[in-house]
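Here's the structure we're looking at; comments come further down.
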Amino acid sequence: MNVSARDLRILVTAGAAGIGRAIASIFLEHGAHVHVCDIDERALSETARLLPDVTQTVADVSRNADVERLFADVRNTLGGLDVLVNNAGIAGPTAKIEDIAPADWERTIAIDLTGMFYCTRLAIPMIKAAGGGSIINLSSSAGRLAYPLRSPYAAAKWGVVGFTKSLAAEAGPDGVRVNCIQPGLVAGDRIDRVVAARAQARGVPLEVQREDLLRTVSMRTFVTAEEIANVALFLASDAGKHISGQAIPVCGDIQYLP
């Protein structure tokens, strides 16, 4: 199976930690040239230490001016673009809809969905100029299931699926394939914060919330950031060259989100 990424030029948003850093790392290991952006300068510094060959930009994808500056950096450092991984996202508020502040709703949609648009509209001409390539969007199990108390996040992640499928049909004739990955419960700091927020909202202990979440997964386990990265590599490589317009769950078979 050919999963080489040799000489591919990759941009990973929110690539300085978690899933983003795992994706940047696996592409680097398989021969790609990788640029990442992130708003967390400390995480970027750590990434520079761990992955010194990865170039980087401080950027908030919800700010169009930041995205314009990011793509100027990509042109300067990579000389073009073959693959965009739209990974940036936040969990958003955990609350009933009537208790969610409009600013929290707007911030979640701005980062999780609008930022994807900002990046993609600049990436598409570059990928077309390269003769085609791949866009990989990060959705979520919340983009295929109901997610009570997390409506802004779910709305954005369902939006990612629609954005992915529409763009795949639009850009396919130009050799650009577009897919999204739908991670489930990914081990790490982020799911720990989500568990804590939901436990507080429900008034239950952390371990009760964690066990309730795992009971929704057929395999009764969390997935890892590296497993998500493996799928991204497959989709961007020749092994995935005829896969487009798909929403691909990597979740251990989540049945519902409590």
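Reckoned from all heavy atoms, side chains included, excluding hydrogens, waters and symmetry mates.
Side-chain atoms of Gln182 do not come within 3.5 Å of backbone N or O of Ser141 as any donor-acceptor pair. A donor-acceptor pair under 3.5 Å is formed between the side chain of Asp40 and the backbone N or O of Arg42. Judged purely by atom type and a 3.5 angstrom limit, Ser139 uses its side chain to pair as donor or acceptor with the backbone of Lys157. Without hydrogens or angle criteria, Glu106 side chain to Asp104 main chain gives no donor-acceptor distance under 3.5 Å. Looking only at distances, no side-chain donor or acceptor of Trp105 sits under 3.5 Å from a matching main-chain atom of Ile100.
The two atoms that bring Leu81 and Ala130 nearest to each other are O-CB, 3.5 Å, heavy atoms only. Contact record, Ala171 with Ile124: CB-CD1, 4.2 Å, taken as the closest heavy-atom pair. Across all non-hydrogen atoms, the minimal contact from Ala197 to Thr94 is CB-OG1, 3.7 Å. Phe27 approaches Ala232 most closely through the heavy-atom pair CZ-O, 3.7 Å. When every heavy atom of Ala88 is checked against every heavy atom of Ala14, the shortest pair comes out as CA-CB, 3.5 Å. The heavy-atom pair separating Pro148 from Leu257 by the smallest distance is CD-O, 3.5 Å.
Hydrophobic clustering, with ILVMFWY side chains joined whenever heavy atoms are under 4.5 angstrom apart, keeps Val161 apart from Tyr147. Under the 4.5 Å side-chain heavy-atom criterion for ILVMFWY residues, no single connected hydrophobic cluster contains both Trp158 and Leu138. No chain of hydrophobic side-chain contacts below 4.5 Å, direct or via other Ile, Leu, Val, Met, Phe, Trp or Tyr residues, connects Ile243 to Val178. Under the 4.5 Å side-chain heavy-atom criterion for ILVMFWY residues, no single connected hydrophobic cluster contains both Ile136 and Phe117. The cluster map of Ile, Leu, Val, Met, Phe, Trp and Tyr, joined by side-chain heavy atoms under 4.5 Å apart, puts Tyr153 and Leu149 in different clusters.
Using a 4.5 Å heavy-atom threshold, the side chains of Val36 and Leu51 count as separate. Counting heavy atoms from C-beta outward, Val34 and Asp53 have side chains that stay 4.5 Å or more apart. No side-chain heavy atom of Leu122 sits under 4.5 Å from any side-chain heavy atom of Tyr118. A 4.5 Å side-chain heavy-atom check between Val58 and Ile39 finds every atom pair outside the cut-off. Between Arg177 and Ser134 there is a side-chain heavy-atom pair separated by less than 4.5 Å. Here the side chains of Ile228 and Ile181 are in contact, with some heavy-atom distance below 4.5 Å. The closest side-chain heavy-atom distance from Asn64 to Asp66 is not below 4.5 Å. Side-chain contact between Arg144 and Ile254: present, with at least one pair of heavy atoms (C-beta onward) separated by less than 4.5 Å.
Interatomic distance, CG of Leu44 versus CD of Gln56, reported as 4.5 Å (0.5 Å rounding). Note that CD1 of Ile97 is 12.5 Å distant from CZ of Arg150, once rounded to the nearest 0.5 Å. Between atom CD1 of residue Ile135 and atom CG of residue Asp82 there is a gap of 11.5 Å, rounded to the nearest 0.5 Å. Atom-to-atom distance recorded for Asp192:CG and Arg210:CZ is 5.0 Å, nearest 0.5 angstrom. Once rounded to the nearest 0.5 Å, the distance linking CD1 of Ile111 with CZ of Arg63 reads 9.5 Å. In this structure, Ile10 CD1 and Ile23 CD1 are separated by 10.5 Å, a value rounded to the nearest 0.5 Å.
For the residue pair Asn86 and Thr120, a side-chain donor N or O sits within less than 3.5 Å of a side-chain acceptor on the partner.
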Without placing hydrogens or testing angles, list every side-chain donor-acceptor pair under 3.5 Å for residues 72-80, not counting sequence neighbours.
from: Asp73; atom 1: OD2; to: Thr57; atom 2: OG1; distance (Å): 2.7
from: Arg75; atom 1: NH1; to: Phe71; atom 2: O; distance (Å): 3.4
from: Asn76; atom 1: ND2; to: Ala72; atom 2: O; distance (Å): 3.2
from: Thr77; atom 1: OG1; to: His35; atom 2: ND1; distance (Å): 3.3
from: Thr77; atom 1: OG1; to: Asp73; atom 2: O; distance (Å): 2.9

Exercise. Between Leu11 and Val85, does a side-chain contact (heavy atoms from CB on, under 4.5 Å) hold up when you go through it step by step?
Worked result: CA-CA 6 Å; Leu11 169 61; Val85 182; over 6 Å; no
Exercise. Would Asp238 and Lys241 count as a salt bridge (charged side-chain N to carboxylate O under 4.0 Å, His left out) if you check the C-alpha gap in whole Å, the side-chain angles of each, and the deciding distance to 0.1 Å?
Worked result: CA-CA 5 Å; Asp238 282 348; Lys241 67 182 179 180; 5.9 Å; no
For this session: Could you go through the side-chain contact (heavy atoms from CB on, under 4.5 Å) check for Ile19 and Val186 one step at a time?
Result: CA-CA 9 Å; Ile19 292 172; Val186 181; 4.1 Å; yes
For this session: In sequence, state the C-alpha distance, the side-chain angles, and the governing distance for Leu113 and Val160, and then conclude on side-chain contact (heavy atoms from CB on, under 4.5 Å).
Result: CA-CA 6 Å; Leu113 187 56; Val160 169; 4.1 Å; yes
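Taking Ile, Leu, Val, Met, Phe, Trp and Tyr as members and joining any whose side-chain heavy atoms lie under 4.5 Å apart, directly or through other members, the hydrophobic cluster of Val208 also contains Val204.
Residues satisfying the side-chain hydrogen bond (donor to acceptor under 3.5 Å, both in side chains) criterion with Gln200, sequence neighbours excluded, are absent altogether. Every residue two or more places apart in sequence or in another chain that forms a side-chain hydrogen bond (donor to acceptor under 3.5 Å, both in side chains) with Arg107 is listed here: Asp60, Ser62.
Counting only residues at least two apart or on different chains, the side-chain hydrogen bond (donor to acceptor under 3.5 Å, both in side chains) pairs with a member in residues 160-169 are Asn137-Thr164. Applying the side-chain hydrogen bond (donor to acceptor under 3.5 Å, both in side chains) test to pairs two or more places apart or on separate chains, those with a residue in residues 12-33 are Asp7-His33, Arg21-Thr47, Ser25-Glu29.
Environment of CD in Glu46: crowded, with over 12 heavy atoms of neighbouring residues, nucleotides or ligands closer than 6.0 Å.
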